[in-house]
Trainee: 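First the structure, which I've put down as structure tokens, then a few questions once you've had a look.
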Amino acid sequence: MDADTGKESDNPILTGPFWPVFFRYALPSVAGLLALTTANIVDGIFIGNFAGAEALAALNLLIPWFTFLFGMALALAIGGTVRAGRYLGEGRTEAASAIFSKCLMATLALAITGALAGLLFHDAIYRVLGASPDIYPLMSEYFLVIIWVLVAQLVTMVLYYFVRVDGFPGLATTALVTGAAANILLDALLVGYLDYGLRGAAIATGLAQVLQFGVLARYFLKPERKLRFGLYQKHWREVPQAFANGVSEWINELSVGLVMLLINWLLMTTQGVAGVAAFTVVNYLIFLSLMVFYGISDAMHVLISHNLGAGNAERIRRFMGCGATVILSLALALVATVWLFGNQVVRLFLDTAADPATAELADRFLTILWPLFLVNGINVLLSVYLTAMHKPVPSALVAFSRSLILPALLLIGIAQFAPQWPLLVALPLAEWLTFGLAVALFLRFRPQRVINAPNQM
């Protein structure tokens, strides 16, 4: 008993002051995701400006394939770290190390399988993704390099999550920021200066990933780490169980690509290329805001899972209060920015002199979409809470509702039965309907009830 108490007293997640501990985990996570987001946006800028519009189209056509693989790895990372966090909270370091090892090996197997499938069936993949044969060579220029880069990238991503859950968020974020900065600089060199096109962008990503993994690998040299990698493992059924617990994250990744395809198709049929371009500009703002909300919510995986293992319902409730307060404050600030400076935000991405009609359309889209910023962050937080509390089905229901089912049904419904409505009103409507569902599920599975009845479904 004394030994367990001693371990608990050394863990600030279980005993430390709420706000300092919350910010210790949330700030590095937000910084890392923002760095990654910036790198992705800069990737597109360099490819679009130096490799041309067709190259950017080739890259965008491949996104659903990447989303599928990233989503599976992310589900393993989230589900695995939730289990590991609970084991660490219970003082079961051997069990935590086992799930750590199995998730890393499963991710490596997934990535190699994806690379071999891409190598052997790339033309079939391009066809399924809707590409025309004349763009296949351009897609291959990027795809046949990046499939091998993904082997390192997916393993590094899963390792990043486990390093964070073991109490090294600073190292995890340093690796992410270093990789993102290197990616931007290498894009400038290989795509912008040397004009290597899409192949240069893929090589830049690969070199940046090697550097990121090198920084993250310093974790294995830290004597105070709790997670130990072991090659020989038993009870592999725990891996699909971990994946099932993180399946809402896979649904999120997969659904975003599907909904984007639907939005682009509907906008193209109603408003043409200008409509798609205008939504792309507005979507940058949605994407950046979601990265901040995901960063805050990702920190909650660690804070909640540790306290769930220790049976600390009150600390879970207090940490949820910290997360909700910060997310709502940021949401209100974002809405104020849209209302007061929306025109200026749009003009960061568009040359209004060259295309004033698209800029005006983007301004109009912002006036339709702003209500979603009030609740989309809370929806993400509550989905993460349910995952961390080992309630994968309710978590998946929230994630699936906000990211696919409701947006798709509302978009199709408006297009078919209410064409006089603005099409994009479907997105804030979907978020607000999901908000009602998410709050109901949170009340159903509030911390004290889950801890007192751990087998409750």
Trainee: Give a yes or no on whether the ring-centroid distance for Phe435 and Trp432 is below 6.0 angstrom.
Mentor: yes

Trainee: With sequence neighbours left out, write down each residue that passes side-chain contact (heavy atoms from CB on, under 4.5 Å) with Ala106, or none if nothing qualifies.
Mentor: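 With sequence neighbours excluded, Ala106 shows a side-chain contact (heavy atoms from CB on, under 4.5 Å) to Leu76, Val239, given in chain and number order.
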
Trainee: With a sphere of 6.0 Å drawn around CZ of Phe66, does it hold more than 12 non-hydrogen atoms of other residues, nucleotides or ligands?
Mentor: yes

Trainee: If you define the side chain from C-beta out and look only at heavy atoms, does anything of Trp370 sit under 4.5 Å from Thr337?
Mentor: no

Trainee: Side chains of Phe143 and Leu198, heavy atoms from C-beta outward: is any pair under 4.5 Å?
Mentor: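 No; the side chains remain at least 4.5 Å from each other.
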
Trainee: What pairs meet the side chain to side chain donor-acceptor pair (under 3.5 Å) rule with one or both residues in residues 317-330, with sequence neighbours excluded?
Mentor: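 Qualifying pairs, neighbours excluded: Glu314-Arg317.
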
Trainee: With sequence neighbours left out, write down each residue that passes ring-ring contact (aromatic ring centres under 6.0 Å, His included) with Tyr25, or none if nothing qualifies.
Mentor: none

Trainee: Name all pairs fulfilling the side chain to side chain donor-acceptor pair (under 3.5 Å) condition that reach into residues 99-114, sequence neighbours left out, sorted by first residue then second.
Mentor: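 Non-adjacent pairs meeting side chain to side chain donor-acceptor pair (under 3.5 Å): Lys102-Glu238.
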
Trainee: Please list, chain by chain and in numerical order, all residues satisfying side chain to side chain donor-acceptor pair (under 3.5 Å) with Asp166, sequence neighbours excluded.
Mentor: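 For Asp166, the residues satisfying side chain to side chain donor-acceptor pair (under 3.5 Å) (neighbours in sequence not counted) are Tyr219.
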
Trainee: Decide if atom CH2 of Trp339 counts as having more than 12 heavy atoms of other residues, nucleotides or ligands within a radius under 6.0 Å.
Mentor: no

Trainee: Indicate the atoms forming the closest heavy-atom contact of Ala388 with Leu308, along with that distance.
Mentor: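 That would be O-CD2, 3.4 Å.
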
Trainee: Who are the ring-ring contact (aromatic ring centres under 6.0 Å, His included) partners of Phe442, not counting sequence neighbours?
Mentor: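 Phe442: ring-ring contact (aromatic ring centres under 6.0 Å, His included) contacts with Tyr385.
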
